[in-house]
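Structure record follows, encoded as structure tokens.
One-based numbering, in listed order, for ligands and for the atoms of each. What you see is a predicted model; the values in this text were computed from it and never measured.
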Amino acid sequence: MVNLRKLRNGPGIALFAMLAIVAAVATSTAQQHKPKAPKSVRLYVFDCGVIKGLDPALFNFKREEVKTIDFAVPCYLIVDPKGTLIWDVGVIPDGNFKDDGQPVTQGPSTATRTLKSQLAEIGYAPGDITYLAHSHYHGDHIANSNEFAGSTWLVRPIERDAMFADKPPALVDPKTYSELKNSKTVLITKDEYDVFGDGKVIIKSAPGHTPGHQVLILHLKKTGNVMLAGDLYHYPEEKGSGRVPTFEYNKEQSLASRAMIEDYVKKTNTQLWIEHDFTANSKLKKSPKYYD
Ligand SMILES: [Zn+2]
């Protein structure tokens, strides 16, 4: 115990006052670290890079049939009054950036900013994020997964099994998600999964591109209903074309998922956002701005 009487006079009082100030500053910093939960759901769109120059033939298209061959690579943070969800986590791991802050290019992909720096800009650290979910396991959606190993992972068993199989699927780099093996995990078996239990943020099954491919439906107060459609499509020109990528896990399943989703968005008045759609993405508000 500190004897306050002894500290009343002399240098002791200054020391005591200083310690009190240090303690107060430390407390307020800790409180400010994580932003206060909003009253309604927010959607932040992060710039996780671009993929340039992929051959449209990979997607069963000719060059002249698509407006642009470049892909946007967005990551998304959903902030619900009850917690946070990070949806798709990029193509280039933050750890591959050098201290010089220069863009990083790997193959056809380039990222100019880390995901962590974009989270920090709005007051979050990976350790603050309640849930992690991916539309699917391909490398351009999953690069920063290990950063979120402390979050609860929302995944379909068939997708998780493929990711941790002895022979991992094509287009994945198991190193980038190896730490999820021991994460707290919710295995989603229902068609629709209500992430926060408030009916506002719903993960919906849309298999075919990969076995456990899924989309995210958001019921936003001002913006209305938005679907982050994963890789249900890549180019907007794929809609109604009946053509799917050459590397599709199951073509028939993909076509059935597309038909089901088109029906869903029409009936529910939902905007379908193709994640890789370069032109559409270029018009979106980016974090720190948000949709609510
Ligand atoms: Zn993709």
Side-chain angles (χ1 to χ4, degrees), residues 45-61 66-77 86-94 96 104-113 115 132-145 148 154-156 158-160 162-163 168-177 180 203-216 226-239 241 243-251 253-255 257-258 261 272-282 284:
V45 181
F46 299 129
D47 171 9
C48 279
V50 289
I51 305 175
K52 288 193 177 254
L54 286 186
D55 186 347
L58 277 171
F59 303 88
N60 284 313
F61 275 78
V66 292
K67 192 171 154 205
T68 173
I69 61 167
D70 295 340
F71 285 176
V73 182
C75 301
Y76 307 88
L77 180 72
I86 190 119
W87 174 263
D88 284 352
V89 289
V91 62
I92 291 182
D94 282 4
N96 293 6
V104 177
T105 296
Q106 289 176 199
S109 307
T110 299
T112 52
R113 301 184 66 189
L115 176 53
L132 161 70
H134 313 99
S135 57
H136 65 297
Y137 56 51
H138 285 154
D140 54 319
H141 296 257
I142 210 153
N144 284 294
S145 295
F148 301 93
L154 310 176
V155 64
R156 291 174 193 274
I158 197 170
E159 191 87 350
R160 188 185 184 282
M163 291 166 76
L171 304 174
V172 307
D173 179 0
K175 277 200 308 294
T176 62
Y177 58 80
L180 298 186
I203 295 176
K204 186 174 178 62
S205 176
H209 189 58
T210 63
H213 181 274
Q214 51 191 9
V215 299
L216 186 69
V226 171
M227 176 184 288
L228 308 180
D231 283 7
L232 190 71
Y233 305 106
H234 299 73
Y235 311 117
E237 291 87 347
E238 269 173 283
K239 283 183 151 201
S241 70
R243 282 180 269 173
V244 300
T246 53
F247 53 92
E248 211 70 344
Y249 167 74
N250 183 325
K251 180 184 170 175
Q253 222 177 26
S254 290
L255 292 174
S257 286
R258 286 180 179 180
I261 291 291
L272 188 155
W273 292 10
I274 299 174
E275 296 188 9
H276 287 311
D277 184 341
F278 192 84
T279 308
N281 179 275
S282 69
L284 292 180

What I'd like to find out is whether the side chain of [X] reaches to under 4.5 Å of the side chain of [Y], using heavy atoms alone.
X: Arg258; Y: His209; result: no
X: Phe61; Y: Ile69; result: no
X: Asn60; Y: Thr246; result: yes

Hey, which N, O or S atom on [X] ends up closest to the Zn ion (ligand 1)?
X: Asp231; value: OD2
X: Asp140; value: OD2
X: His276; value: NE2

Is the Zn ion (ligand 1) less than 2.8 Å from an N/O/S atom of [X], whether that atom is in the backbone or a side chain?
X: Glu275; answer: no
X: His138; answer: no
X: His136; answer: no

- Item | Cation over ring face, Arg113 and Phe46, 6.0 Å, 45° | no
Note: Val45 and Pro74 closest approach over all heavy atoms is CG1-CB, 4.2 Å
